[in-house]
Every structure is written in structure tokens, then in C-alpha cells.
Amino acid sequence: MTSQRAQLRPIPPEFFSRDPREVARDLLGKLVVRRQGRHRLVARVVETEAYLGENDPAAHSSSGRTPRNEVIFGPSGCAYVYFIYGKYYCLNVSCEPDGIAGGVLFRAVEPVEGIPTMAKNRELPDFPVYRLTNGPGKLTQALAITRAQHNGMNLTDRTQSLYLADDGFPRPRIRTTPRIGITKAAARKLRYIIPDNPFVSKA
DNA sequence: GAGGAGATCGTCT
DNA sequence: GACGATCTCCTCT
């Protein structure tokens, strides 16, 4: 699964102005591109979860708009980064048109470019590559994504230090499973994975 | 390899 | 004042 030389085309805003379930599915195989100083970090999306807005009890937006979650109520294609468990950041992209809540959580990615820098960011250089980014808190650490720097950033703009891209990777096989780590609406199958990919988070 | 407990703090009640 | 869209370490098998 490599594509070092392929051209990276930013994903247009319309892609995200849809139901989060469609966006979560279609994001599998796409790329997260992060410019960190002189380094370029690229990773392929292999696991996502859809959060549906005010009718989804598990979603942050379910109890209405707050300063914390306002990005997922805003225009589509923007980064919603939140802080959790006193230690970790999680990366989402806002979906649906402006004014409607909805988002997709990035749960796992496969490193494609800049692996040494990702390992350095993780501060665990001895870890095998597959453990660098196989979880939502891990991938933000590996890609040095923070709320202060990236929350609200337009991920459809290739001039930003973080954006989403398509390199023409063929549409992968996809499987849906229940979401992970939640207690409300836990039975709904809104997690999307590339089956058998070693970079998918466990469980 | 599986399972359980603790860490740690921003956000909302 | 309680909780959480998590991770790592430790113990046991």
C-alpha cells in the first residue's frame, strides 16, 4: 500500500456536505497530509466512525451547541479536534451543510510517508510501525495534531498545515462494525474499516 | 495474548 | 464535582 509519487489532490468541500455515514465510508483509502516544519507526513485512512448530530446520543452534538463542539455545527470539511481523558486529542472532520451537526472521527491510519517523524512525535521510537497510528489518540500524537493549532482548520485547503487528499487509490473493500469506546447507542454499526488491514485499531 | 486498573484535565451540569 | 469518541503498563495464562 504505497503511493509515494502519486499526485495528491485535495478533497473538495462538497465531499463532506453529506450524511456522515457516506463520508465515513468514502474516506477509507484517502490520505491525511500534515506539514510539520520541513517534514511532510502522509497517512492513509483505514478506520473511521460516523457521528450523526443531534439525534445520535453518542455524538458530542447530541446535547446541543457549545463552545467545545461548535465546529461540527459549522461548514463541512473543517477539523473538529477535542481533548479527552486529560491526555489525548481526537481528530474529526465536520460533515453536512453549515448549520447541521455531523462529523466523522478518524480512528486509525496507515503511515505512508514521514514514518521516522511520526515515531519521534509519539516519543516511543521502539514501537513497531503498526502501533504508531492504530487508535484515535495515537494518530493525533503521531501527526502532532492539537486543538490549539488545528481545531476549525479547513481540511479541503492544500495550503494548510493539515488537509485531506485523494491520490487515486482504488476504493477498498469495507466492513461496518459497532463503534468503540462509547456507552450510548453502542449497538449502531457506524464504524467503518478496511478489513484485515493491520493498522486498524483492535476490537 | 487477554484482561483490568490507573492516569489526568477540559468541559459541562 | 463527575465524566469521557483513550492509552499504556502490569499481571496472569
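Every chain is numbered from 1, with letters handed out A, B, ... down the list of sequences.
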Exercise. Provide, to the nearest angstrom, the distance between the CD1 atom belonging to A:I145 and the P atom belonging to C:dA5.
Key: 19 Å
Quiz item: Is the phosphate of B:dT11, meaning OP1 or OP2, less than 4.0 Å from a side-chain N or O of A:R147?
Solution: yes
Quiz item: Which whole-number value in Å describes the distance from A:I84 CD1 to C:dC3 P?
Solution: 13 Å
Self-check item: Carboxylate-amine/guanidinium proximity below 4.0 Å for A:R191 and A:E47
Solution: yes
Quiz prompt | Touch class at under 4.0 angstrom, heavy-atom based, for A:G137 against every strand present | solution = sugar-phosphate
Quiz prompt | Complement of B:dG1, any strand, by Watson-Crick or G-U distances under 3.5 angstrom | solution = C:dC12
Quiz item: So what does A:R179 hit on the nucleic acid, given a heavy-atom distance under 4.0 Å: a base, only sugar-phosphate, or nothing?
Solution: nothing
Quiz item: Closer than 4.0 Å, any side-chain N/O of A:R122 to the OP1 or OP2 of C:dT8?
Solution: yes
Exercise. Compute both the distance and the angle, then confirm whether A:R18 meets the cation-pi test with A:F16: under 6.0 Å from the six-membered ring centre, within 45 degrees of the axis.
Key: no
Practice problem: Report the distance from atom CG of A:N69 to atom P of C:dA5, rounded to the nearest whole Å. | Solution: 12 Å
Exercise. Identify which nucleotide among B:dC12, B:dA7, C:dA5 has an atom closest to any side-chain atom of A:K87, counting heavy atoms from C-beta outward.
Key: B:dA7
Quiz prompt | Pi stacking test for A:Y85 and B:dA7: under 5.5 Å apart, planes under 30° | solution = no
Quiz prompt | DNA chain C: 5'-proximal contact among A:R131 and A:E49 (nearest heavy atom) | solution = A:E49
Quiz item: Taking the six-membered ring of A:F169 as reference, does the NZ or CZ atom of A:R44 fall below 6.0 Å from its centre and within a 45° cone about the axis?
Solution: yes
Practice problem: Calculate the interatomic distance between A:R68 atom CZ and B:dT13 atom C1'; express it in whole Å. | Solution: 14 Å
Exercise. Send over the distance from A:E70 CD to B:dC12 C1', rounded to a whole Å.
Key: 15 Å
Quiz item: So what does A:T66 hit on the nucleic acid, given a heavy-atom distance under 4.0 Å: a base, only sugar-phosphate, or nothing?
Solution: sugar-phosphate
Quiz item: OH of A:Y82 versus P of C:dA5: gap in Å, rounded?
Solution: 6 Å
Quiz item: Does the ring of A:Y88 meet both stacking tests against the six-membered base ring of C:dT6: centre distance under 5.5 Å and plane angle under 30°?
Solution: no
Exercise. Mind checking the CD1-CD spacing from A:I145 to A:Q36? Nearest 0.5 Å is all I need.
Key: 10.0 Å
Quiz item: Hey, does the side chain of A:K138 come within less than 4.0 Å of C:dT8's phosphate (OP1/OP2), counting only N and O?
Solution: yes
Quiz prompt | Separation of C:dA5 C1' from A:I72 CD1 (nearest whole Å) | solution = 11 Å
Quiz prompt | Atom-to-atom span, OH of A:Y89 to P of C:dC7 - whole angstrom | solution = 15 Å
Quiz item: The side chain of A:H60 lies closest to which of these nucleotides: C:dA5, B:dA7, C:dC7?
Solution: C:dA5
Quiz item: Thinking salt bridges, do A:D56 and A:K184 make one under a 4.0 Å N-O criterion?
Solution: no
Quiz item: So, for A:Y51 and A:H60, is the gap between ring centers shorter than 6.0 Å?
Solution: no
Quiz item: In terms of side-chain heavy atoms of A:F83, which of B:dG10, B:dT8, C:dA5 is nearest?
Solution: B:dG10
Quiz item: Does A:R107 have a side-chain nitrogen or oxygen under 4.0 Å from the phosphate oxygens OP1 or OP2 of C:dT6?
Solution: yes
